[in-house]
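Residues: numbered from 1 along the sequence shown. Owing to the predicted nature of the structure, the values given are computational and were not obtained by experimental measurement.
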Amino acid sequence: MSTSSVPRTPAREVAAPASPPAQAEARLSAAIRDLSTTPAVPSASVRAVPAAEWLMETVGVLLHAPRGADALRALVLHLASGLQCDRVALGLRRQTRSDLEVLAVSDLPRLSDAAELVRDLHAAMQEAAASACTLTHPARRHGPMQAGLAHVQLSRAMGACAVCTVPLGGDGLVLGALTLQRDLGAPFRTEEILRLEQAATYLTPLLRLYLTRSTGRGSTSLVAWPAWLEPLRRHVWPVALGVALVIGLLPVHREVVAPTRVQGLHERQLVAPRDGFISVVYARPGAQIQSGQSLIDFDGEQASNELRTAEAALAQSESAVNEALARHDQAQIVVQMAKVDEARARADLARRDLERGRVLSPLTGVVVSGDLSRSVGAPVKRGEVMMTVAPVDGFRLVLWVDERDVAGVQIGTIGALRVAARPGQALPMTVTHITPVARVREGRNGFEVEGALVSNAATLRPGFEGVTRLDTGRHPLAVDLFGRLFDWLRMGWWTLLG
């Protein structure tokens with residue numbers, strides 16, 4: 001099958017950067033003024049309308065599309081009606097070096113309804129844009145070029161139809177392409193192709209302006225702004241910048257977020273009074289205790305044996321003293337009296353060890369740590385910490401503040417604490433002390449800050465954990481949002497360049 005094409009001016013089809021919108025509008029005005037001088041081209045298949053009048057109607061359809069309507073679809077519908085085509089499709093480049101994109105098809109309100117057809121149309125447009133001239137199928141006998149496989153495939157997809165693709169070019173740029181289809185019995189004539197190329201020459205500046213405006217403002221119509229807003233367009237960006245600057249300088253309260261642990265105001269550690277074995281445990285962490293309450297009992301068998309041994313030695317020494325007195329042996333009396341004192345001291349020590357076999361609570365409060373319920377029968381050494389107890393009438397808050405935020409925290413800084421056990425209750429607090437020693441937590445360096453509750457809370461318990469937000473004063477909103485970023489940039493600059 002032989003095909004041909006009607007050549008267009010090659011110099012106008014080489015890719016080059018697009019013109020600015022102002023130059024496009026100027027060329028458009030000049031082109032419209034020249035329409036009145038365009039001669040008519042006779043055609044049997046096109047309605048008997050002079051070329052200038054038909055061109056004016058085509059340009060007017062694109063210019064005067066109703067606001068909110070798709071101007072490109074109105075254009076392809078007008079071309080389909082005026083040229084008696086079954087389908088007219090328009091494809092454009094949204095940017096200079098981007099691929100062609102099918103934007104409007106006369107008989108498809110939604111392009112997604114026929115994805116395969118749109119794909120074939122796109123291939124035909126790409127073929128014509130690559131060749132930089134008009135391609136037709138079936139071709140005229142005297143055409144210098146043959147249409148490629150894309151046009152043949154498009155014709156077969158429609159059941160053998162005539163196809164014509166006209167590139168839209170101007171100022172050395174192939175901006176897009178128009179693809180027309182109609183019955184194979186009425187192929188596209190030379191005069192029709194000339195009229196289409198003439199229309200493409202005048203439509204190209206309009207379509208370039210359409211793309212510039214729609215890309216710049218995200219609208220889909222040629223005239224998206226009301227007429228009374230057009231004078232304000234140039235002031236949009238300065239006004240937006242000014243509003244952003246004003247908002248960024250608005251003073252807001254800056255808060256420092258710090259993980260917090262609740263501790264007792266005074267904590268007492270209970271240690272093993274002697275070596276021995278744990279016999280009974282009366283309290284576990286979290287239990288409420290009273291002053292003098294038994295907490296731990298030690299196995300008293302060893303202490304009882306020692307006491308019995310000491311008492312037996314004491315009785316034996318006293319008997320020896322009595323025998324020495326009966327014999328009036330002064331030397332033995334002195335020796336046995338010393339043994340009696342030694343035995344009595346051992347008995348007193350064994351008795352005290354037996355009495356210390358029970359650990360009592362030194363205060364009224366709660367057991368904070370030391371779960372020995374699973375250590376019954378285990379040996380302990382004298383001085384080993386067994387339990388920690390704390391009162392419930394006062395608490396100390398220990399906050400961990402990141403080193404980047406600690407400069408804004410001062411003694412007297414107020415804040416609010418929420419613990420995980422009571423997330424709906426905010427407890428007011430104040431900073432009382434800042435520890436000058438850094439501590440590492442989760443790979444970050446920070447400082448421990450101590451705080452106190454403004455009022456006692458009966459729902460708190462030592463060991464609770466939560467989060468405190470400290471109010472460090474009023475700062476501009478931009479500093480609150482981007483302060484960390486600026487500090488990181490300054491440190492990076494100092495590290496790299498000094």
Side-chain angles (χ1 to χ4, degrees), residues 1-8 40-51 53-55 57-58 61-62 70 72-91 100 102-129 131 133-168 176-200 203:
M1 179 181 299
S2 63
T3 55
S4 66
S5 60
V6 178
R8 302 185 65 190
V41 179
S43 173
S45 60
V46 182
R47 59 185 180 141
V49 178
E53 183 179 349
W54 182 79
L55 288 174
E57 289 180 359
T58 304
V61 167
L62 189 60
D70 190 349
L72 300 182
R73 178 165 172 77
L75 174 64
V76 296
L77 287 173
H78 171 76
L79 292 176
S81 173
L83 298 177
Q84 301 177 1
C85 295
D86 298 331
R87 175 180 296 116
V88 177
L90 173 63
L100 280 175
V102 180
L103 299 181
V105 181
S106 60
D107 58 343
L108 288 179
R110 294 185 305 176
L111 301 183
S112 59
D113 294 341
E116 294 185 0
L117 175 61
V118 172
R119 197 160 44 245
D120 293 339
L121 290 170
H122 174 264
M125 293 178 183
Q126 286 285 89
E127 201 170 57
S131 63
C133 65
T134 302
L135 299 180
T136 61
H137 175 79
R140 308 298 295 170
R141 280 185 294 178
H142 303 292
M145 294 188 63
Q146 292 185 351
L149 295 177
H151 282 72
V152 177
Q153 174 63 28
L154 181 60
S155 176
R156 291 176 178 175
M158 291 298 297
C161 67
V163 182
C164 177
T165 302
V166 180
L168 301 173
L178 272 171
T179 299
L180 301 89
Q181 295 175 262
R182 67 185 181 193
D183 187 77
L184 190 62
F188 292 94
R189 300 177 179 274
T190 303
E191 56 269 21
E192 294 178 304
I193 297 174
L194 291 175
R195 176 172 288 194
L196 281 172
E197 291 182 341
Q198 190 178 27
L203 288 175

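- Separation of atoms SG (C85) and CG (L196) is listed at 7.5 Å; rounding is to 0.5 Å.
- Atom-to-atom distance recorded for L79:CG and L180:CG is 6.5 Å, nearest 0.5 angstrom.
- Looking only at side-chain heavy atoms (C-beta outward), R156 and V152 come within less than 4.5 Å of each other.
- Under a 3.5 Å cut-off, the side chain of R73 and the backbone N or O of V105 do form a donor-acceptor pair.
- S155 contributes a side-chain N or O that, together with a main-chain N or O of C161, makes up a donor-acceptor pair within less than 3.5 Å.
- Checking each of Q126, H151, H137, Q181 against T165 for a side chain to side chain donor-acceptor pair (under 3.5 Å) leaves exactly one that passes, namely H151.
- P167 and A200 get closest at one heavy-atom pair: O-CB, 4.1 Å.
- The minimum heavy-atom distance linking G176 with L100 is given by the pair CA-CD2, 3.5 Å.
- Taken from CZ in R195 to CD1 in I193, the straight-line distance is 13.0 Å, to the nearest 0.5 Å.
- Considering all non-hydrogen atoms of both residues, P138 and L184 come closest at CD-CD1, 3.6 Å.
- Closest non-hydrogen pair, L77 versus S106, comes out as CD2-O, 3.2 Å.
- Listed here is the closest heavy atom pair of V118 and L111: CG2-O, 3.6 Å.
- Side-chain atoms of L90 and L168, non-hydrogen and from C-beta on, do get closer than 4.5 Å to each other.
- A donor-acceptor contact closer than 3.5 angstrom is absent between the side chains of H78 and E57.
- Taking the side chain as every heavy atom from C-beta outward, L154 and T179 approach each other to under 4.5 Å.
- F188 approaches C164 most closely through the heavy-atom pair CD1-CB, 3.6 Å.
- Atom-to-atom distance recorded for L117:CG and R119:CZ is 10.0 Å, nearest 0.5 angstrom.
- Between the side chains of T134 and E197, at least one donor-acceptor pair of N or O atoms lies under 3.5 Å.
- Looking at T58 and L203, their side chains come closer than 4.5 Å, going by heavy atoms from C-beta outward.
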Assess whether side-chain contact (heavy atoms from CB on, under 4.5 Å) is satisfied between R87 and L121, documenting all intermediate values.
CA-CA 11 Å; R87 175 180 296 116; L121 290 170; 4.3 Å; yes
